[in-house]
Amino acid sequence: MIPTEHDDPINAKILEVSEDLVAGFQRHPFEVIAEKSGVELEVVLERIRAMLEAGVIRRVRQTLLATKLAHGALVAWRVPEEKLTAIFDYMFQHDPFSGHVVTRSTDTEVSGSGYRLWTTLKVPQGESLDHHATVLKEIVGADEYILMPAHGVFAPGVGHTRRKGLEPGAKVDAPAEMMTTTTVELTDEEWEVLLALKEELTPEEIVSNCWDKRAEIAGVSLDRFCEVAETLNAKKVIGRFSTFLEHVKPSETGKKVTRFNGLFHWAVPDGMQEQAGAEVGRHHCMTHAYWREGGPKFGNVNIMGVVHGTEKPKVMEHKAAIDKHLESIGIPVNYTNVFWGGRSEIKPSEISPKVYAEWHANPPKFEG
């Protein structure tokens, strides 16, 4: 039997690279993983395929910098408690534009505690986030939603496997660079290649020449497919080639990659958002860090980030280290809190204008 647990020594060597160290578009991404990890290509292919089939890896795909391709926001939903489960299911199963769907709670009753459902939402260029959220609100019977688009993105990008041994306060040598969310226009051919490129790979596609079938889907030769993908890379709309671990649900033997995820909130003085975000984002523990304006219902929070961990006290140690760092460099924090993740489902948000039009022409019914 092929070992499939994430902490198997060979699998861990592969995952330390494949989670987040294969930047941009690569013609042969699995060869890059093999070279960087020191594991033979055939073993890399065999192990990733086995982990995918076992559900330890939930998807293998070329990620996009969707903030450059679509309008997006974090959405906090206030919903009737008795409908929470049904609305969660609808957002995950029937709205292709909602990506992360998470229930969250706080340790004490604070500003924003009543917003129990959190989603990420993206809509194609030219469409309205508010319109789509309003349609969802009416379909599921939500009480209210708050849109929090990102003004800036700070992404250090340390994968779960490498993050396990991090000490609180560990950070890169310089502040994180802020990525903007200005959208980029693409040609029709670029869209065709992009839409074929972004779908997750099947186990049968975990092979050295993994883009052959995608070129056929896009209707171009393999060489042309790669040329266009490299152009997209130059336009900075391509993220990483990545294996995404199932970090919430246990494996078949009961092992979990993480047990806790905290959405950290900080409110810093107006005008210091970029500086504060760069300082938060340089910490290795952060899986995501953003400048988002939460408004008065969330204590005027403007910096948010997510940290995962197997032990809650350790997650809080990471937060305490970041708080101490902000204080040490003279960035005041007017308010801070943690919203803990509960039930969680994750899928890539759809960005196709065609799918968006089809969905709005006939939205799925809510059965809650």
Side-chain angles (χ1 to χ4, degrees), residues 16 19-21 74 76 100 102 104-113 115 118 148 150-179 247 256-342 344:
E16 284 175 0
E19 279 195 90
D20 66 340
L21 290 183
L74 180 66
H100 291 55
V102 185
R104 292 197 178 276
S105 59
T106 54
D107 289 331
T108 58
E109 193 72 19
V110 296
S111 176
S113 291
Y115 293 81
W118 293 68
M148 293 173 271
H151 297 278
V153 182
F154 311 88
V158 176
H160 291 291
T161 306
R162 286 187 292 130
R163 191 180 296 114
K164 281 181 175 292
L166 289 175
E167 288 300 316
K171 56 187 180 294
V172 296
D173 293 336
E177 181 181 351
M178 187 177 86
M179 293 180 285
H247 60 266
K256 278 190 173 186
V257 176
T258 65
R259 295 180 59 238
F260 295 92
N261 83 79
L263 174 63
F264 295 173
H265 281 189
W266 291 275
V268 302
D270 199 35
M272 300 188 77
Q273 292 96 326
E274 183 172 350
Q275 182 189 359
E279 294 296 340
V280 167
R282 71 191 289 187
H283 286 77
H284 287 309
C285 61
M286 306 299 300
T287 62
H288 305 81
Y290 298 94
W291 168 8
R292 300 184 189 274
E293 298 288 341
K297 292 188 178 177
F298 287 98
N300 293 312
V301 58
N302 45 27
I303 302 299
M304 299 184 186
V306 177
V307 171
H308 292 266
T310 53
E311 302 297 332
K312 189 173 180 178
K314 191 72 169 182
V315 174
M316 290 304 294
E317 285 179 30
H318 284 297
K319 183 177 183 301
I322 298 172
D323 292 344
K324 184 178 179 180
H325 175 69
L326 292 175
E327 181 183 6
S328 72
I329 59 174
I331 298 179
V333 175
N334 303 324
Y335 162 82
T336 185
N337 215 321
V338 181
F339 283 72
W340 295 102
S344 174

Donor-acceptor side-chain pairing of [X] and [Y] below 3.5 angstrom:
X: His151; Y: Glu293; answer: no
X: Trp266; Y: Asn334; answer: no
X: Trp291; Y: Asn302; answer: no

Nearest 0.5 Å, what's the [atom1]-[atom2] distance between [X] and [Y]?
X: Met316; Y: Phe264; atom1: CE; atom2: CZ; value: 6.5 Å
X: His325; Y: Asp323; atom1: NE2; atom2: CG; value: 11.0 Å
X: Met272; Y: Leu326; atom1: CE; atom2: CG; value: 9.0 Å
X: Tyr335; Y: Asn300; atom1: OH; atom2: CG; value: 10.0 Å
X: Arg282; Y: Asp173; atom1: CZ; atom2: CG; value: 7.5 Å
X: Arg104; Y: Leu263; atom1: CZ; atom2: CG; value: 4.5 Å

Just so I know, are the side chains of [X] and [Y] near enough to count as touching, which here means a heavy-atom distance under 4.5 Å?
X: Met286; Y: Val307; answer: yes
X: Met178; Y: Val153; answer: no
X: Thr108; Y: Ser113; answer: no
X: Trp340; Y: Thr106; answer: no
X: Phe298; Y: Arg292; answer: no

Closest non-hydrogen atom pair, [X] against [Y]:
X: Pro332; Y: Pro269; result: O-CD, 3.2 Å
X: Ile331; Y: Glu279; result: CD1-CG, 4.1 Å
X: Val338; Y: Gly262; result: CG1-CA, 3.9 Å
X: Ala321; Y: Gly169; result: CB-N, 3.4 Å
X: Val333; Y: Thr336; result: CG1-CB, 4.0 Å
X: Ala176; Y: Gly281; result: CB-C, 3.7 Å

List the steps, then state whether side-chain contact (heavy atoms from CB on, under 4.5 Å) holds for Val301 with Ser111.
CA-CA 10 Å; Val301 58; Ser111 176; over 6 Å; no

Aromatic centroids of Phe339 and His265 separated by under 6.0 Å
yes

Go through the steps to decide whether Met148 and Met304 satisfy the test side-chain contact (heavy atoms from CB on, under 4.5 Å), and finish with yes or no.
CA-CA 10 Å; Met148 293 173 271; Met304 299 184 186; 3.3 Å; yes

